[in-house]
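Each remark here refers to the structure printed beneath this line.
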Amino acid sequence: MDGMQLPFAKPLYVMTKPVSSMCNLSCRYCYYLEKANLYRNEDKAGRFTMSEDLLERFIRDYIESQTMPQVLFSWHGGEALMRPLSFYKRVVELQKRYARGVQIDNSIQTNGTLLTDEWCEFFRENGWLVGVSIDGPQEFHDEYRRNKMGQPSFRKVMQGINLLNKHGVEWNALAVVNDFNADYPLDFYNFFKEIDCRYIQFTPIVERLYPHKDGRHLASPMDNGKVSLADFSVSPEQWGEFLVTLFDEWVKEDVGKYFIQLFDATLANWVGQQPGVCTMARTCGHAGVMEYNGDVYSCDHFVFPEYKLGNIRTHTLVEMMYGERQQQFGMDKYAKLPAQCKNCEFLFACNGECPKNRFAFTADGEPGLNYLCSGYKRYFRHVAPYMDFMKQELEAGRPPANVNGMRF
C-alpha cells in the first residue's frame with residue numbers, strides 16, 4: 001500500500017447503481033441513460049442488475065472500508081426502484097449482518113413514479129432518506145422529464161410525494177435547472193414551498209455533445225475538438241440570474257426554514273467549514289460510484305472508460321478509492337485551476353465548481369475555466385454582504401436566520 005494516504009480527511013463514499021442506467025423514464029437531459037452502451041457487450045440481455053453475491057461483497061467491503069462510526073449507503077440509478085423491494089430488504093439484512101456495531105444509514109434517489117404504500121412503509125420503518133427528482137411545477141417538470149412513450153411524468157411524481165408524506169417518510173428534492181425553467185426562479189421556488197419541501201438541491205445541467213463509436217453522445221471531460229453544447233444546458237447568464245433572484249426571495253424570511261444546498265454550501269465556505277457538497281469543495285475524490293457489475297469510477301459525473309478505477313471483484317474499495325490515481329483525481333480539482341481562478345476573490349467560495357464543467361477559456365486564453373463562471377461570480381458578488389452578516393452572527397453565537405428581511 002505504498003503511496004497511499006489513509007484515511008482520507010473525509011469518509012470513503014461510493015454511490016451504488018444496482019440497475020445501472022435502467023429507468024422507466026427517458027428524460028431528455030439525462031446523462032446516465034446512455035451508460036448502458038458501456039456494457040452492451042457484457043450484458044447482451046440488457047438486464048444490468050446487480051447479482052446477489054456482488055451485493056453481499058459490496059456491503060461487506062464498504063462497511064469494512066470505513067473509518068467513521070457512521071456508514072452511509074446511497075442507492076441510485078437510472079431508477080433505483082426498478083429493483084424489487086425484496087432486493088432492498090436483502091440490503092438491510094446484509095447490512096445488519098456486517099455492521100459490527102457501526103451505525104448504518106441509507107438514502108435512495110428516485111424519480112418518484114414507482115412509489116407505492118409498500119415502498120413507503122419500508123422506507124419509514126428502516127429510516128431511509130428518499131431523494132425525489134422533480135423539476136418544479138408541471139409545465140417545467142414535463143418539459144424534459146417524460147417516459148419512453150413521450151408521456152409526461154409530473155402527476156405520477158406528485159402521487160409518489162403524497163405517498164411519502166402519508167407515511168411520514170423523510171424526503172428532499174433534487175431539481176435540475178435547465179435552459180427552460182431557469183428563466184422562472186420564483187415560480188420554481190414557490191412551487192417547492194407550496195408542497196412544503198424544506199430541503200432542496202438545485203443542480204445546473206451542463207452537457208456537451210461528442211459522438212462515440214459505442215453509441216454514447218455526451219462528451220467526457222477528456223473529449224476535446226469538435227464538441228457542441230447541448231441545447232438544454234443552462235447558460236452562465238441564466239444561472240447567475242436564477243441564483244440572485246432565488247437568493248433575494250429566500251433571504252426575505254426563509255433562512256432557517258427552507259434549506260437550499262448551494263446557499264448552505266456558500267455560507268459554509270464563507271466561515272471556513274466543509275461545504276457538504278463536492279462541487280464547492282477545494283478538493284474532491286472521496287465520492288466514487290459503483291456500477292451494477294462492480295466497476296468503480298472516480299465520480300458519478302465521470303463514468304467514462306478513462307476514469308474507471310477497477311472492479312470490486314478484483315480490487316478492494318480501499319485500493320481504488322484511497323489509491324494514488326483517485327487521490328490525484330481529487331487534488332487536480334484545485335491544482336489544475338487556471339491562473340484566473342486562483343487569483344479570483346471568490347476562489348474560497350467556488351473552488352472552480354465541478355471539473356466536468358471546466359471547458360471554457362479564461363480572458364488570457366488559458367483552458368480550464370468553468371463554463372458557469374460568470375454566473376457564479378455574479379451570485380457571489382450579490383450575496384457577499386449577506387454572507388458576511390451571517391458569518392458575524394454565527395461567530396457571535398447568534399442564528400444566521402437573523403439575516404431574514406435585511407437589505408444591504
Side-chain angles (χ1 to χ4, degrees), residues 8-10 31 177 182 201-208 210 219-225 227-230 233-244 246-247 261-287 298-302 304 306-307 325-388 391:
F8 266 2
K10 299 178 181 178
Y31 65 91
V177 181
Q201 177 182 347
F202 293 113
T203 301
I205 184 73
V206 176
E207 293 291 350
R208 298 182 302 156
Y210 184 89
S220 158
M222 286 190 181
D223 289 328
N224 295 306
V227 295
S228 59
L229 192 70
S233 299
V234 64
S235 72
E237 295 74 24
Q238 282 181 309
W239 184 233
E241 178 66 20
F242 177 88
L243 291 178
V244 167
L246 189 68
F247 183 87
Q261 187 187 56
L262 179 58
F263 297 166
D264 290 343
T266 301
L267 180 58
N269 277 338
W270 226 266
V271 301
Q273 300 296 320
Q274 289 294 330
V277 54
C278 57
T279 55
M280 310 304 285
R282 181 182 170 97
T283 60
C284 58
H286 73 287
S298 291
C299 169
D300 186 37
H301 288 283
F302 287 75
F304 299 97
E306 52 267 42
Y307 294 98
R325 184 178 171 194
Q326 183 67 354
Q327 286 194 55
Q328 190 62 54
F329 174 84
M331 291 186 292
D332 281 349
K333 185 176 190 292
Y334 176 82
K336 291 190 174 182
L337 284 172
Q340 180 176 312
C341 291
K342 290 186 176 179
N343 294 324
C344 178
E345 61 180 311
F346 297 118
L347 174 63
F348 75 95
C350 170
N351 288 303
E353 206 239 12
C354 184
K356 89 173 185 67
N357 294 333
R358 297 180 187 173
F359 53 83
F361 292 83
T362 68
D364 296 329
E366 187 179 359
L369 181 69
N370 194 296
Y371 167 74
L372 296 173
C373 174
S374 61
Y376 275 113
K377 193 169 287 186
R378 184 185 172 203
Y379 159 69
F380 289 126
R381 285 199 185 102
H382 183 78
V383 305
Y386 298 92
M387 293 295 164
D388 288 340
K391 178 181 179 181

Output all residues satisfying side-chain hydrogen bond (donor to acceptor under 3.5 Å, both in side chains) with [X], sequence neighbours left out; order by chain, then residue number.
X: Thr203; result: Gln201
X: Ser220; result: Glu306
X: Gln340; result: none
X: His301; result: none

**Verdict with supporting geometry, Val383 and Leu243, side-chain contact (heavy atoms from CB on, under 4.5 Å)** = CA-CA 10 Å; Val383 305; Leu243 291 178; over 6 Å; no
Sequence neighbours left out, what passes salt bridge (Lys or Arg N to Asp or Glu O under 4.0 Å) with [X]? Give chain and number order.
X: Asp332; value: Lys336
X: Asp300; value: Lys17
X: Glu241; value: Arg378

What are the two closest heavy atoms between [X] and [Y], and how far apart are they?
X: Pro338; Y: Leu369; answer: CG-N, 4.0 Å
X: Val277; Y: Ala265; answer: CG1-CB, 3.5 Å
X: Pro275; Y: Ala268; answer: CA-CB, 3.7 Å

Under 3.5 Å donor-acceptor, [X] side chain and [Y] backbone:
X: Asn370; Y: Leu372; answer: yes
X: Glu207; Y: Ser233; answer: no
X: Asn269; Y: Met280; answer: yes
X: Lys356; Y: Val206; answer: yes
X: Lys333; Y: Asn351; answer: yes

**Request:** Quick one: which residue pairs count as a salt bridge (charged side-chain N to carboxylate O under 4.0 Å, His left out) with a foot in residues 346-355, not counting sequence neighbours?
**Result:**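 Not a single pair qualifies under salt bridge (charged side-chain N to carboxylate O under 4.0 Å, His left out).
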**Request:** Just jot down the ring pair (Phe, Tyr, Trp, His ring centres under 6.0 Å) partners of Phe348, sequence neighbours excluded, or say none.
**Result:**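 Here the qualifying residues are Trp270.
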**Residues which pass ring pair (Phe, Tyr, Trp, His ring centres under 6.0 Å) with Phe304, listed by chain and number, not counting sequence neighbours** =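 Ring pair (Phe, Tyr, Trp, His ring centres under 6.0 Å) list for Phe304, sorted by chain: empty.
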**Asked** Mind checking what makes side chain to side chain contact (heavy atoms under 4.5 Å, CB included) contact with Ala219, not counting sequence neighbours?
**Response**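 Ala219 satisfies side chain to side chain contact (heavy atoms under 4.5 Å, CB included) with Arg208, Tyr210, Asp223, Val227 once adjacent residues are dropped.
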**Message:** Checking Lys342 now: which residues fulfil side chain to side chain contact (heavy atoms under 4.5 Å, CB included) with it, not counting sequence neighbours?
**Reply:**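 Applying side chain to side chain contact (heavy atoms under 4.5 Å, CB included) to Lys342 gives Tyr334, Leu337.
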Gap between atom [atom2] of [Y] and atom [atom1] of [X] - 0.5 Å precision:
X: Lys377; Y: Cys350; atom1: NZ; atom2: SG; value: 9.0 Å
X: Cys299; Y: His286; atom1: SG; atom2: NE2; value: 9.5 Å
X: Phe329; Y: Tyr307; atom1: CZ; atom2: OH; value: 6.5 Å
X: Gln273; Y: Asp264; atom1: CD; atom2: CG; value: 13.0 Å
X: Phe380; Y: Cys344; atom1: CZ; atom2: SG; value: 8.5 Å

**Asked** Can you check whether Pro204 reaches Phe242 side chain to side chain, under 4.5 Å on heavy atoms?
**Response**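 The answer is no, as the side chains (C-beta and beyond) never meet within the 4.5 Å cut-off.
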**Request:** Show your working on side-chain contact (heavy atoms from CB on, under 4.5 Å) between Leu262 and Phe202 and close with a plain yes or no.
**Result:** CA-CA 7 Å; Leu262 179 58; Phe202 293 113; over 6 Å; no
**Request:** Evaluate the side chain to side chain donor-acceptor pair (under 3.5 Å) criterion for residues Tyr379 and Thr266: first the C-alpha distance (whole Å), next the side-chain angles of each, then the deciding distance (0.1 Å), finally the verdict.
**Result:** CA-CA 10 Å; Tyr379 159 69; Thr266 301; 2.8 Å; yes
**Asked** Which class fits the ring pair Phe359 and Tyr371: parallel under 30°, tilted 30 to 60°, perpendicular over 60°?
**Response**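 Parallel, since the angle between the ring planes stays under 30°.
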**Request:** May I have the step-by-step check of side-chain contact (heavy atoms from CB on, under 4.5 Å) for Arg381 and Glu345, ending in yes or no?
**Result:** CA-CA 10 Å; Arg381 285 199 185 102; Glu345 61 180 311; 4.2 Å; yes
